[in-house]
Amino acid sequence: MESSAASPPSRGSIVNLLTLKLVGVGIFAAVVNWSALIVSGPLGLFRIGLFVLGNVVVCWLVVDAVFAALDQLLESKLHDRA
């Protein structure tokens with residue numbers, strides 16, 4: 001007996017979810033960069049480390065969100081073809 005798989009989300013919902021994720025990542029980036037500015041003195045090593053680490057995490061989150069959306073879009077295309 002075959003179990004019916006749930007249909008993949010529509011293109012619009014994938015785009016909306018990606019937009020929400022990217023807005024959240026943008027807010028996270030602003031908070032991390034603002035806190036790096038406030039926490040340490042002018043051009044301290046700790047400040048530079050926070051900026052670099054925070055922005056590496058932000059870049060990773062953006063790439064992860066975009067590739068997850070692309071994966072969902074490809075799955076929906078394959079589901080439509082089947």
Side-chain angles (χ1 to χ4, degrees):
M1 203 182 242
E2 285 185 34
S3 63
S4 63
S7 64
S10 68
R11 182 177 180 262
S13 64
I14 294 170
V15 170
N16 288 338
L17 182 61
L18 177 62
T19 302
L20 287 175
K21 284 181 181 180
L22 292 179
V23 166
V25 169
I27 292 170
F28 174 74
V31 167
V32 167
N33 289 326
W34 178 78
S35 59
L37 178 69
I38 297 299
V39 167
S40 60
L43 295 179
L45 188 59
F46 184 66
R47 179 181 184 179
I48 294 170
L50 276 178
F51 272 120
V52 169
L53 182 63
N55 288 315
V56 165
V57 170
V58 166
C59 288
W60 180 80
L61 290 172
V62 167
V63 168
D64 182 58
V66 168
F67 277 101
L70 286 173
D71 185 45
Q72 288 180 340
L73 285 170
L74 287 173
E75 282 182 16
S76 73
K77 274 285 196 199
L78 288 174
H79 185 269
D80 290 344
R81 283 189 161 196

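What you see is a predicted model; the values in this text were computed from it and never measured. Computed over heavy atoms, backbone and side chain alike; hydrogens, waters and symmetry mates excluded.
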Search all heavy atoms of [X] against all heavy atoms of [Y] and return the closest pair with its distance.
{"X": "Pro9", "Y": "Ser76", "result": "O-CB, 3.9 Å"}
{"X": "Ala36", "Y": "Leu50", "result": "CB-CB, 3.6 Å"}
{"X": "Val58", "Y": "Ala29", "result": "CG2-CB, 3.6 Å"}
{"X": "Phe51", "Y": "Leu37", "result": "CZ-N, 4.4 Å"}

If I take atom [atom1] from residue [X] and atom [atom2] from residue [Y], how far apart are they, to the nearest 0.5 angstrom?
{"X": "Glu75", "Y": "Leu70", "atom1": "CD", "atom2": "CG", "value": "11.5 Å"}
{"X": "Leu78", "Y": "Leu73", "atom1": "CG", "atom2": "CG", "value": "11.0 Å"}
{"X": "Arg11", "Y": "Asn16", "atom1": "CZ", "atom2": "CG", "value": "10.5 Å"}
{"X": "Asp64", "Y": "Trp60", "atom1": "CG", "atom2": "CH2", "value": "4.5 Å"}
{"X": "Asn33", "Y": "Arg47", "atom1": "CG", "atom2": "CZ", "value": "10.0 Å"}

Self-check item: Counterpart residues, side-chain contact (heavy atoms from CB on, under 4.5 Å), relative to Leu22 (two or more places apart)
Solution: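 Counting only residues at least two positions away or on another chain, Leu22 forms a side-chain contact (heavy atoms from CB on, under 4.5 Å) with Leu18, Val62, Ala65.
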
Self-check item: Non-neighbouring partners of Ser10 that pass side-chain contact (heavy atoms from CB on, under 4.5 Å), sequence neighbours left out
Solution: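 In terms of side-chain contact (heavy atoms from CB on, under 4.5 Å), with neighbours along the sequence ignored, Ser10 is linked to Ser13.
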
Quiz item: Val63 and Val66: same hydrophobic cluster, using ILVMFWY side-chain contacts below 4.5 Å?
Solution: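 In one cluster: yes.
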
Practice problem: Identify whether Val57 and Val25 are in the same connected component of the hydrophobic contact network (ILVMFWY, side-chain heavy atoms under 4.5 Å). | Solution: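 Yes, it is one cluster - the side chains of Val57 and Val25 are joined through contacts under 4.5 Å.
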
